[in-house]
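Note that the structure is a prediction, hence the values are computed from the model and not measured. Sequence lines set the chain letters: A, B, ... in the order given, protein chains first and strands last, and positions in each chain run from 1.
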Amino acid sequence: MNTIAVIDFETTGLSPARGDRATEIAAVLLRDGQIVDRYQSLMNAGLSIPPFITQLTGISTSMVRQAPPAERVMAEVADFVGTIPLVAHNAAFDSRFWDAELRRIGRQRHQSFVCSMLVAKRLMPQAASYKLGNLVAMAGLPTAARAHRALADAEMAAHLTLHLERELMRRFGLDSVTHELLGRIQRASAGGLQGCVERHLRERKMGMIKV
DNA sequence: TGCCAGGCCCTCTTTAGGGCCTT
């Protein structure tokens, strides 16, 4: 079964290495071209929320103080996604927080991340901006009522991922798109998409890639 | 002391610098 988990964090800042912590997490499961399940929770890491973050996200210190402990939420969401491969918009950011928060509960990631922003740069080279909201609007996809909340952003990134998968299927005549292929696309050179897909199909046919 | 993310990408590049994207 080809399932992908699209995740999104809200945090107190940009860098777990500088002490920033997650304040909210959402995970959206995609299977057979549609959203099949969702997880979302605020989390209390014991930190106050900077005013700028409250202004950006609407998440306040009082909200996270009433939320379950970060440790419990991370254990729940890690169990929810299991070993399903992950996608995030600007995955370098979310993967740092995912790994850092898991490390705090003595767990580690066992799957790879794909970045929907990097895949979009390959498949939507005409885009003027690769911000999540702009790509979603440009593709005519459903926009979230409240951006900068974890579930709303994860759902927008999920719709963008489905759009990118459909674009790959249309352009290359594929009947399905795997996380492995998305990973190859994000690393491909601008002119190397065709060869990248052909190599994937060849290895898939030889049984080197599990679908 | 002073500074403070980090990875990708483009170009006035490659012995580098700056913009984008995430909160």
Side-chain angles (χ1 to χ4, degrees), chain A residues 4-28 40-65 67 70 73-74 77 81 86-104 109 112-139 141 143-161 163-164 182-193 196:
Chain A
I4 288 173
V6 183
I7 71 154
D8 186 80
F9 274 110
E10 303 306 317
T11 70
T12 60
L14 294 172
S15 173
R18 290 178 58 192
D20 291 322
R21 295 292 306 274
T23 58
E24 188 178 43
I25 175 77
V28 172
Q40 179 270 328
S41 182
L42 286 164
M43 63 178 93
N44 183 5
L47 267 62
S48 294
I49 309 298
F52 166 72
I53 297 294
T54 299
Q55 194 173 16
L56 179 71
T57 67
I59 297 171
S60 64
T61 300
S62 64
M63 286 166 70
V64 294
R65 285 200 175 140
V73 173
M74 284 308 300
V77 72
V81 301
L86 299 169
V87 170
H89 198 70
N90 196 11
F93 172 84
D94 290 278
S95 64
R96 280 198 298 275
F97 277 95
W98 183 265
D99 292 348
E101 293 292 347
L102 279 190
R103 209 175 301 123
R104 287 177 173 274
R109 172 162 58 93
S112 59
F113 261 99
V114 155
C115 176
S116 55
M117 183 179 73
L118 293 181
V119 177
K121 284 187 176 181
R122 303 294 179 272
L123 297 177
M124 302 168 72
Q126 74 282 15
S129 156
Y130 291 90
K131 287 183 179 177
L132 178 59
N134 290 345
L135 288 171
V136 164
M138 181 185 163
L141 302 169
T143 51
R146 179 67 171 95
H148 294 300
R149 287 299 299 265
L151 184 58
D153 283 3
E155 291 200 351
M156 284 203 295
H159 285 296
L160 175 63
T161 301
H163 172 77
L164 295 169
L182 292 176
R184 287 189 185 218
I185 296 292
Q186 74 174 0
R187 294 187 297 271
S189 62
L193 279 183
C196 173

Between A/R187 and A/A17, the residue closer to the 5' end of DNA chain B by nearest nucleotide is A/A17
Main-chain N/O of A/N90 paired to A/Y130 side chain as donor or acceptor, under 3.5 Å:
no
Output side-chain donor-acceptor pairs under 3.5 Å for residues 9-19 of chain A, partner residues at least two apart or in another chain, one line each.
{"residue": "A/T11", "atom": "OG1", "partner": "A/G13", "partner atom": "N", "Å": "3.2"}
{"residue": "A/T11", "atom": "OG1", "partner": "A/G13", "partner atom": "O", "Å": "2.4"}
{"residue": "A/T12", "atom": "OG1", "partner": "A/D20", "partner atom": "OD1", "Å": "3.3"}
{"residue": "A/T12", "atom": "OG1", "partner": "A/R21", "partner atom": "N", "Å": "3.0"}
{"residue": "A/S15", "atom": "OG", "partner": "A/A17", "partner atom": "N", "Å": "3.2"}
{"residue": "A/S15", "atom": "OG", "partner": "A/R18", "partner atom": "N", "Å": "3.3"}

For B/dC12 versus B/dG7, give the span between their C1' atoms, rounded off to a whole number of Å.
23 Å
Show, in sequence, the C-alpha distance, side-chain angles and deciding distance for A/T61 and A/S48, and conclude whether the side chain to side chain contact (heavy atoms under 4.5 Å, CB included) test is met.
CA-CA 5 Å; A/T61 300; A/S48 294; 3.9 Å; yes
Using atom C1' of each nucleotide, how far apart are B/dC9 and B/dT14 to the nearest Å?
14 Å
Whole-angstrom distance between B/dC10 and B/dT23, as gauged at atom C1'
25 Å
State whether the side chain of A/Q186 and the backbone N or O of A/C115 hold a donor-acceptor pair below 3.5 Å, judged by distance alone.
yes
Expressed as a whole number of angstroms, how long is the span from A/D20:CG to B/dC4:C1'?
11 Å
Please list, for nucleotides 20-23 of chain B, all pairs of protein and nucleotide N/O atoms separated by less than 3.5 Å.
{"residue": "B/dC21", "atom": "OP1", "partner": "A/Y130", "partner atom": "N", "Å": "2.4"}
{"residue": "B/dC21", "atom": "O2", "partner": "A/N90", "partner atom": "ND2", "Å": "2.8"}
{"residue": "B/dT22", "atom": "OP1", "partner": "A/L132", "partner atom": "N", "Å": "2.7"}
{"residue": "B/dT22", "atom": "O4'", "partner": "A/N90", "partner atom": "ND2", "Å": "2.9"}
{"residue": "B/dT22", "atom": "O2", "partner": "A/N90", "partner atom": "ND2", "Å": "3.4"}
{"residue": "B/dT23", "atom": "OP1", "partner": "A/D153", "partner atom": "OD2", "Å": "3.2"}
{"residue": "B/dT23", "atom": "OP2", "partner": "A/H148", "partner atom": "ND1", "Å": "3.4"}
{"residue": "B/dT23", "atom": "O3'", "partner": "A/E10", "partner atom": "OE1", "Å": "2.8"}
{"residue": "B/dT23", "atom": "O3'", "partner": "A/T11", "partner atom": "N", "Å": "3.0"}

Residue-phosphate contact under 4.0 Å: A/R18 side-chain N/O, B/dC4 OP1/OP2:
no
Would you be so kind as to tabulate the donor-acceptor pairs closer than 3.5 Å made by side chains of residues 148-156 of chain A, with sequence neighbours excluded?
{"residue": "A/R149", "atom": "NE", "partner": "A/E24", "partner atom": "OE1", "Å": "3.0"}
{"residue": "A/R149", "atom": "NE", "partner": "A/E24", "partner atom": "OE2", "Å": "3.3"}
{"residue": "A/R149", "atom": "NH2", "partner": "A/E24", "partner atom": "OE2", "Å": "2.8"}
{"residue": "A/D153", "atom": "OD1", "partner": "A/H148", "partner atom": "N", "Å": "3.0"}
{"residue": "A/D153", "atom": "OD2", "partner": "A/H148", "partner atom": "N", "Å": "3.3"}
{"residue": "A/E155", "atom": "OE2", "partner": "A/R38", "partner atom": "NE", "Å": "2.3"}
{"residue": "A/E155", "atom": "OE2", "partner": "A/R38", "partner atom": "NH2", "Å": "3.4"}

Inter-nucleotide P distance (B/dT13, B/dG18), Å rounded
13 Å
Within this structure, what is the CG-to-C1' distance between A/D99 and B/dA5, rounded to whole angstrom?
15 Å
Give me the distance, rounded to whole Å, that separates B/dC20 from B/dT15 when you measure between the C1' atoms they each carry.
25 Å
Does A/M74 form a side chain to side chain contact (heavy atoms under 4.5 Å, CB included) with A/R104? I'd like the steps, not just the answer.
CA-CA 9 Å; A/M74 284 308 300; A/R104 287 177 173 274; over 6 Å; no
